[in-house]
Amino acid sequence: MYEGAVQNLIDELGRLPGVGPKSAQRIAFHLLAAETADVKRLANALVEVKERVRFCSVCGNVAEESECRICRDPRRDTAVICVVEESKDVVAIERTREFRGRYHVLGGAISPIEGVGPDDLRIKELMTRLADGQITELILATDPNLEGEATATYLARLVKPMGLKVTRLASGLPVGGDLEYADEVTLGRAFEGRRSLEF
Amino acid sequence: MSLYRDEGVVLRTQKLGEADRIVTLLTRRTGLVRAVGKGVRRTKSRFGARLEPFTHVDLQLYTGRTLDVITQAETLRAYGESIVTDYPRYTAATAMLETAEKIVVVEKDPALRQFLLLIGALRTLGEDTHDPRLVLDAYLLRSLAVAGYAPALEECAKCGSRGEHRAFAVHAGGSVCSVCRPHGCAHPAPQTLRLMVALLGGDWPEADSSADRHRAECSGLVAAYLQWHLENGIRSLRLVERS
């Protein structure tokens with residue numbers, strides 16, 4: 001046990017994900033040895049993130065203004081919405097540079113075992129966005145695990161009466177992978193979703 | 001026994017660290033097992049997809065200090081595919097998994113009958129021959145019976161006098177006669193009690209012919225009965241949807 005401020009810092013660091021008591025101690029002593037300016041910059045970054053960052057009023061992504069960068073961008077296609085679970089997924093899809101539409105962040109997936117139902121996600125907001133009739137395609141890009149699939153099934157059933165095009169991201173073999181090591185479920189899906197090669 | 005092999009159904013998965021997952025399984029020979037799947041969240045993982053809930057897998061595990069480590073996994077049957085395409089079926093199946101985990105409780109204590117009951121229920125659910133809610137209630141009643149909490153349905157839970165009784169007391173252990181009846185018991189329709197008997201005994205023609213009203217009442221009683229005897233809430237039950 002250390003005195004006041006040091007122990008305080010160790011305790012606070014120890015509450016972060018993936019940081020155990022020993023790592024917390026190591027980081028604390030690193031900070032103690034670091035330049036005052038560096039530590040101030042870190043402290044400011046921490047405070048700023050809580051003060052400035054909000055959630056986009058349209059899509060629910062992290063933003064610094066009332067709308068996020070993607071929702072404000074006029075070059076983006078307003079007719080397509082891609083539904084994802086978390087803000088992290090938006091970044092992952094943006095990195096592909098394949099998608100030019102807008103997003104909708106649900107804030108998780110339906111998982112009854114964790115007590116997360118449809119009402120705990122931003123589904124009502126999605127329905128309001130779809131109601132104005134401008135959207136022609138809804139891309140369901142929830143995680144390819146059980147909760148994600150269930151969420152996609154639920155959403156597809158919900159928007160069916162609206163008569164818009166609903167698509168789901170393909171599942172299949174990873175680029176750079178080995179066919180013999182692919183599991184049955186993934187390989188089966190890859191077969192189901194195979195496409196013809198046209199020249 | 002540092003390395004062992006078993007087959008089991010994946011009940012739930014929790015994230016662990018960067019790319020690992022803690023997988024809770026109900027196995028045929030070992031009972032409830034909590035094991036770590038290393039790196040299964042990476043896209044290139046060789047057995048990530050096999051360790052999703054509802055999958056029946058053949059496993060090789062290695063006994064760790066607190067948690068076992070999964071070294072190999074092969075799919076025996078993936079129930080998830082047929083379950084997840086239908087929302088009511090998915091919610092019913094999730095409630096089954098949660099109940100299985102809560103009812104077995106003790107880790108590494110063989111529970112063969114619970115295991116067989118669970119794979120039977122998941123298979124029935126995937127075949128889509130009965131209302132998912134009925135399959136769920138049948139599973140819940142039978143799994144309670146296997147655990148030693150079978151409700152009294154054709155006799156009085158207190159004095160044992162045979163016959164159909166009108167009152168049902170969750171805390172007394174089932175239906176009760178007019179003499180033993182405690183305060184605050186439910187008065188379900190006689191058809192509801194008959195439905196419960198059919199579900200417990202596996203009389204599907206009788207169960208399938210039941211009316212919606214009695215199915216709803218039966219679900220309510222079963223849910224109350226289950227949660228009272230498990231001394232635990234089953235969170236998924238709140239989200240089970242009627243088809």
Side-chain angles (χ1 to χ4, degrees), chain A residues 16-20 23 85-86 88 92 108-121 123 140 142-160 168-192, chain B residues 10-18 20-21 24 40-55 57 72-102 233-241 243:
Chain A
L16 298 175
V19 181
S23 326
E85 288 181 18
E86 311 275 350
K88 289 179 276 186
I110 298 174
S111 171
I113 236 168
E114 311 284 342
V116 181
D119 298 339
D120 302 309
L121 303 175
I123 290 177
L140 300 174
T142 48
D143 287 347
N145 54 26
L146 224 97
E147 285 90 19
E149 294 292 346
T151 312
T153 316
Y154 180 84
L155 287 176
R157 191 187 66 172
L158 203 63
V159 301
K160 202 179 169 196
R168 174 93 178 105
L169 285 196
S171 294
L173 301 167
V175 176
D178 240 18
L179 201 69
E180 63 166 324
Y181 284 122
D183 63 274
E184 303 78 22
V185 184
T186 311
L187 194 54
R189 293 259 196 101
F191 252 96
E192 226 174 83
Chain B
V10 180
L11 301 183
R12 71 189 294 176
T13 58
Q14 289 151 287
K15 289 180 183 175
L16 176 72
E18 178 84 2
D20 304 345
R21 222 175 231 155
T24 310
V40 293
R41 276 154 64 203
R42 294 188 207 281
T43 32
K44 279 194 183 179
S45 166
R46 282 179 290 112
F47 49 76
R50 298 184 179 129
L51 297 176
E52 283 287 295
F54 308 125
T55 320
V57 279
Q72 284 175 35
E74 284 285 325
T75 312
L76 292 176
R77 194 160 167 171
Y79 295 105
E81 286 284 290
S82 51
I83 286 169
V84 86
T85 48
D86 184 80
Y87 191 67
R89 244 184 276 162
Y90 168 71
T91 50
T94 320
M96 284 181 190
L97 298 190
E98 194 181 347
T99 306
E101 190 187 350
K102 297 253 165 74
I234 301 291
R235 281 199 281 191
S236 331
L237 279 179
R238 186 175 61 89
L239 295 166
V240 172
E241 197 166 289
S243 56

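Keep in mind that this is a model prediction, so the values were computed, not measured. Protein chains get the first letters and strands the later ones, always in sequence-line order, with residue 1 at the start of each.
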Qualifying salt bridge (charged side-chain N to carboxylate O under 4.0 Å, His left out) pairs with a residue from residues 89-99 of chain B, counting only residues at least two apart or across chains: D86(B)-R89(B), R89(B)-D128(B), E98(B)-K102(B)
Pairwise distance CD(E114(A)) to CD(Q14(B)) - rounded to 0.5 angstrom: 7.0 Å
Contacting region of L11(B) [heavy-atom separation from chain A under 4.5 Å]: backbone
Contacting moiety of T94(B), where chain A heavy atoms sit under 4.5 Å: both
Winner by heavy-atom pair count (cut-off under 4.5 Å) against chain B, out of V116(A), T186(A), N145(A), T151(A): N145(A)
Partners passing ring pair (Phe, Tyr, Trp, His ring centres under 6.0 Å) against Y154(A) (at least two apart in sequence or in another chain): Y87(B)
Segment of I110(A) engaging chain B (4.5 angstrom heavy-atom cut-off): both
Side chain proximity check, R21(B) to E52(B), heavy atoms < 4.5 angstrom: yes
